[in-house]
Amino acid sequence: MCALCRICTCGDVFYHPRYPQLHVLRYDGDTLVGHRSNSRKKKVLMRVADLSTIKEAIHHNLIVSVQAYPGEPLRHPETMAQMAQACEEGGACAIRCQGLADIAAIKGRVDVPVFGLWKEGHDGVYITPTLRHIIACAHAGADVVAFDATSRPRPDGRTLEQTLHEARKQCECLLMADCMTIDDIRRAVALGFDFISTTLSHNKAAINTTMDEGPDIALLEQATREFPDVPIICEGHVHTPADAAAANQAGAWSVVVGTGITHPTSLTKWFVAAMQK
Ligand SMILES: CC(=O)N[C@H](C=O)[C@@H](O)[C@H](O)[C@H](O)COP(=O)(O)O
């Protein structure tokens, strides 16, 4: 009987720390076979994250960021997992999400890769700010962990280089650099991050934006011109399908959309503002 769920009789089962929500029955190095906690159906659950598979899966595709902010009505891991599944059904090639509980809940619900992060604080370095946060996201099940790749001081005193070096040693997951400037992107390329993103280029919270503030296409174009073979992802203020198409045209490896798909409070405000003009 399955040691975890006690509903099936499928032989050896073991716990895989990167996939805590999955009942893994067999793991042969890159394939997990098992079932989800809410289903008895046995199937190949996923291929374990490897760079070329995920790179290929997200190329010229849409990643949806599924996040709710502290105190908001939708801030619950089950709600975020439902939202992630709905986005997967709509064609999202991967999900980006925040917080350990959300990462674990979403990893247990969707088949597409999960890009995880853990925000702490609002100012300075707050996206997965320390090595401890990176390791925790990896253990929660993130295939890719995204973290702040600016040169600003980090709360644990480590440099970006030291953080990346330790994360490579201690985590199996892939790593994504959330950048603000072209210098951040250049440093992230030199350091060998797996994915690089324009996440922080607007230097303000996503929920404080208006609909017509679009993505940083200038930064994206400069980065993709300098590094045509590096997976540079356009993230931040991609608010409309036209913005996503423009980013794709400008050479983005993939495009991340958050607020414009998964933040109904902002969406509602944009409609209200348009009607008040
Ligand atoms: C700057 C920052 O903290 N960005 C966060 C990073 O995960 C999220 O709040 C954004 O929603 C995400 O980057 C997607 O961007 P947009 O919501 O603009 O599509």
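The structure displayed is predicted, hence computed values, not measured ones.
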Is there a side-chain contact between [X] and [Y] in this structure, where contact means two heavy atoms from C-beta onward sitting under 4.5 Å apart?
X	Y	result
Q222	E226	yes
L219	I182	yes
L164	F147	yes
I63	C93	yes
T262	Q67	no
D194	I54	no
P113	V144	no
I58	F195	yes

field: E72 vs T79, side chain to side chain contact (heavy atoms under 4.5 Å, CB included): CA-CA, chis, key distance, verdict
entry: CA-CA 12 Å; E72 290 191 332; T79 309; over 6 Å; no
Using modelled atom types only, decide if a donor and an acceptor are shared between the side chain of [X] and the backbone of [Y] within a distance under 3.5 Å.
X	Y	answer
H76	E78	yes
H237	T259	no
T199	E235	no
S201	M180	no
T224	A250	yes
W253	K55	yes
R96	G258	no
E88	D111	yes

How far apart are the closest heavy atoms of [X] and [Y], and which atoms are they?
X	Y	answer
A101	P77	CB-CG, 3.6 Å
C97	V114	SG-CG1, 3.7 Å
I106	A81	CG1-CA, 3.7 Å
G157	Q162	O-OE1, 4.3 Å
I196	C179	CG2-SG, 3.9 Å
L220	A247	CD2-O, 3.5 Å

Could you list the donor-acceptor pairs under 3.5 angstrom formed by side chains in residues 131-138, with sequence neighbours left out?
residue : atom : partner : partner atom : Å
H133    : ND1  : T130    : OG1          : 2.6
H133    : NE2  : E120    : OE1          : 3.4

What's the separation between atom [atom1] in [X] and atom [atom2] in [Y], rounded to the nearest 0.5 Å?
X	Y	atom1	atom2	value
T159	H165	OG1	NE2	10.5 Å
D178	D184	CG	CG	10.5 Å
Q98	T128	CD	OG1	8.0 Å
R168	C173	CZ	SG	8.5 Å
S65	I95	OG	CD1	9.0 Å
T265	L74	OG1	CG	6.5 Å

Using the rule that Ile, Leu, Val, Met, Phe, Trp and Tyr join whenever any side-chain heavy atoms are under 4.5 Å apart, tell me whether [X] and [Y] fall into a single cluster.
X	Y	answer
L100	L175	no
I233	L117	no
V66	V112	yes
V256	V145	no
M176	L174	yes

query: Can E213 and T210 be said to form a side-chain hydrogen bond (donor to acceptor under 3.5 Å, both in side chains), step by step?
result: CA-CA 6 Å; E213 289 177 86; T210 59; 3.2 Å; yes
task: Compute whether any side-chain donor of one residue and acceptor of the other, for T150 and D148, lie under 3.5 angstrom apart.
output: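 D148 and T150 do have a side-chain donor-acceptor pair below 3.5 Å.
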- prompt: Going by an N to O cut-off under 4.0 Å, is there a salt bridge joining R109 and D102?
  reply: no
field: Step-by-step side chain to side chain contact (heavy atoms under 4.5 Å, CB included) determination, I261 to L62
entry: CA-CA 11 Å; I261 294 177; L62 176 71; 4.1 Å; yes
- request: Could you check E166 against K169 for side chain to side chain contact (heavy atoms under 4.5 Å, CB included), going step by step and ending with a plain yes or no?
  value: CA-CA 5 Å; E166 278 303 313; K169 275 206 314 210; 3.2 Å; yes
Under 3.5 Å, which donor-acceptor pairs do the side chains of residues 266-277 form with other protein atoms, sequence neighbours left out?
residue : atom : partner : partner atom : Å
S266    : OG   : H263    : ND1          : 2.7
T268    : OG1  : P264    : O            : 2.6
W270    : NE1  : T209    : O            : 3.1

query: Near H60 NE2, under 6.0 Å, is it more than 12 heavy atoms from other residues, nucleotides or ligands?
result: yes
